[in-house]
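Structure record follows, encoded as structure tokens.
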2 protein chains.
Amino acid sequence: MSPPTRSRLRAHPASLPPSAPSDGTRRRILETALQLFASRGYHDTSIRDLAKVLELQPSALYAHFSSKEHVLAELVRIGHEAHHDALQAALKSSGPEPAEQVRALVRAHTRTHALHPQLAVVVNEELYALTPELAEPAVLLRDKSAALLAEVIERGVAQRSFSPPHPRVAAAAISAMGVRLPYWYEPGSALDVDTLADLHAELALRMLGGSAAS
Amino acid sequence: MSPPTRSRLRAHPASLPPSAPSDGTRRRILETALQLFASRGYHDTSIRDLAKVLELQPSALYAHFSSKEHVLAELVRIGHEAHHDALQAALKSSGPEPAEQVRALVRAHTRTHALHPQLAVVVNEELYALTPELAEPAVLLRDKSAALLAEVIERGVAQRSFSPPHPRVAAAAISAMGVRLPYWYEPGSALDVDTLADLHAELALRMLGGSAAS
DNA sequence: GTCTATACGTAGATAGAC
DNA sequence: GTCTATCTACGTATAGAC
């Protein structure tokens, strides 16, 4: 661990989604790793750093994870599953109109990134640190999540509910709003998460154009 | 360097802006470091890795930079200056209307990120790896660059050219489009940089609303 | 300005007792 | 499941010859 660094994030402490293991030590390791990986980065966090915060000996971690990389892989898996589950639930509970579905998807995307900023940062910045085999399940989920938005936009364009200048670029811009959230949004601020989610949905619909924007 | 990793980026080779030093070995070190830091990350790139690609002995690098951190600091400085210079030039060469100024700023922001994707990634992901003293000049430039866009938006709102639902959130969304570009855009693709810059400008104006959007 | 050689710390991970 | 102790490799950086 290189010493005098700022954190990449403002949020404290690290929050795991409910789907994460509730077991004792394994969960503590994941929470601590999440905080350290998010604030300093995976490669700048050592097993010894983790053990120190956990008040364990480094060797004790290997009773719970076979390597440091497997700790990261588990966080990456949890993060992608929570994100994808949230998007699917949002779609499922919304009606058939593309505008309503975009609103639901963007709200879920934004909420996930605002409520679990450390997980979002680790998932997005440290995925590349995994071997292809360990990264593969997450990469597949990413593609599926991106397809959910892309398909709704395509449908909206086909129905002439939307008129984006370029659907793929608009989809990337919509995704980017959420992904960048952890780097500037301060959770306890005057702007609450629900309001933010509504704002992002509004911006997304404006970008997509057509009769859908309010 | 941990071995079997994917790159964070598609772009090759690393391109430095014209403002970078044209001197021989120092420039070669910066270019090589840029490529490695962008694809594998600063903390996962060793002095030995750098030296191997450069076909030099590790100790030879210390004739040009006093530490690995100073190599990163120089890249971060170059990246922030090129970005800020591009934004200022864009503002300077555009008229007084907020919509035209936003278009110019967004085009410059997007072009910078599309033309120098490795530099954008290193600047955005590895700034936190610098000590506060080495990071400070870049942080000041970031704030100045962000203020350029914020002020134009504020002026547009005051003149009722723009009607964003929330100016600060809209500004963050506009910035995010460019920052995320290196992670999905493939430079040699059918979508050329100028078209992309126009698309982003169009999306920005749609988000800002009012009479400005085309 | 590059080389050889090396100092010195820390990395990830394991062995074996309790 | 946690401990003490340790292995081996690699990290940044320096010394001093050419």
Side-chain angles (χ1 to χ4, degrees), chain A residues 1-5 21-37 39-76 122 126 128-135, chain B residues 1-5 21-37 39-76 122 126 128-135:
Chain A
M1 187 191 271
S2 52
T5 307
S22 49
D23 163 60
T25 304
R26 187 177 166 91
R27 181 172 180 111
R28 282 186 61 232
I29 293 172
L30 288 170
E31 282 173 342
T32 306
L34 177 57
Q35 183 64 49
L36 293 178
F37 292 172
S39 65
R40 320 186 52 92
Y42 171 74
H43 288 298
D44 196 31
T45 302
S46 69
I47 292 283
R48 285 174 165 88
D49 296 330
L50 267 170
K52 179 171 284 183
V53 176
L54 288 161
E55 295 179 294
L56 287 173
Q57 293 305 310
S59 55
L61 303 189
Y62 290 90
H64 303 276
F65 292 92
S66 58
S67 74
K68 180 182 141 181
E69 191 187 358
H70 282 81
V71 178
L72 174 60
E74 177 70 352
L75 289 172
V76 166
V122 168
E126 311 291 8
Y128 76 93
L130 294 174
T131 57
E133 300 78 51
L134 281 176
Chain B
M1 188 191 270
S2 50
T5 306
S22 48
D23 163 60
T25 304
R26 187 177 166 92
R27 180 170 180 112
R28 282 216 307 135
I29 293 172
L30 288 171
E31 283 173 341
T32 305
L34 177 57
Q35 183 64 49
L36 292 178
F37 292 173
S39 65
R40 320 187 51 94
Y42 172 73
H43 288 297
D44 196 29
T45 301
S46 69
I47 292 284
R48 285 174 159 95
D49 296 329
L50 267 171
K52 179 171 285 184
V53 176
L54 289 160
E55 294 179 292
L56 287 173
Q57 292 305 310
S59 56
L61 303 189
Y62 291 90
H64 303 275
F65 292 93
S66 58
S67 74
K68 181 181 138 179
E69 192 187 358
H70 282 82
V71 178
L72 174 60
E74 177 71 352
L75 289 172
V76 166
V122 168
E126 311 292 9
Y128 77 93
L130 295 173
T131 56
E133 301 78 51
L134 282 175

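Labels below follow one simple rule: chain letters A, B, ... track the order of the sequence lines, proteins then strands, and each chain is numbered from 1.
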| request: Would you please test A/Leu61 and A/Leu54 for side chain to side chain contact (heavy atoms under 4.5 Å, CB included) and show each step? | output: CA-CA 10 Å; A/Leu61 303 189; A/Leu54 288 161; 3.8 Å; yes
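Atom-to-atom, CG of B/Asp44 to P of C/dG12 comes out at 11 Å; the value is rounded to the nearest Å.
No donor-acceptor distance shorter than 3.5 angstrom exists from the side chain of B/Glu126 to the backbone of B/Leu72, with no hydrogens or angles considered. Under a 3.5 Å cut-off, the side chain of A/Glu74 and the backbone N or O of A/Leu30 do not form any donor-acceptor pair.
For residues 39-65 of chain A, the ring pair (Phe, Tyr, Trp, His ring centres under 6.0 Å) pairs, not counting sequence neighbours, are A/Phe37-A/Tyr42. Within the structure, side-chain hydrogen bond (donor to acceptor under 3.5 Å, both in side chains) contacts touching residues 45-54 of chain A (residues at least two apart or in different chains) are A/Ser46-A/Asp49.
In this structure, the separation between CD on A/Gln35 and OG1 on A/Thr32 is 8.5 Å, given to the nearest 0.5 Å. Atoms CG and CD1, on A/Leu75 and A/Ile29 in that order, are 11.0 Å from each other to the nearest 0.5 Å.
The stretch residues 25-35 of chain B has no heavy atom under 4.0 Å from DNA chain D, so no residue of it qualifies as close. Across residues 54-67 of chain A, A/Leu56, A/Gln57, A/Ser59, A/Ala60, A/Ala63, A/His64 each have a non-hydrogen atom less than 4.0 Å from an atom of DNA chain D (numbered order).
The minimum heavy-atom distance linking B/Val71 with B/Ala33 is given by the pair CG1-CB, 3.6 Å. Listed here is the closest heavy atom pair of A/Ile47 and A/Lys68: CD1-CB, 3.6 Å.
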Contacts under 3.5 Å, N or O only, protein and nucleotides 8-11 of chain D:
residue: D/dG11; atom: OP1; partner: B/Met1; partner atom: N; Å: 2.9
residue: D/dG11; atom: OP1; partner: B/Ser46; partner atom: OG; Å: 3.4
residue: D/dG11; atom: N7; partner: B/Arg48; partner atom: NH1; Å: 2.9

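With sequence neighbours excluded, the residues forming a salt bridge (Lys or Arg N to Asp or Glu O under 4.0 Å) with B/Arg27 are B/Glu31, listed by chain and number.
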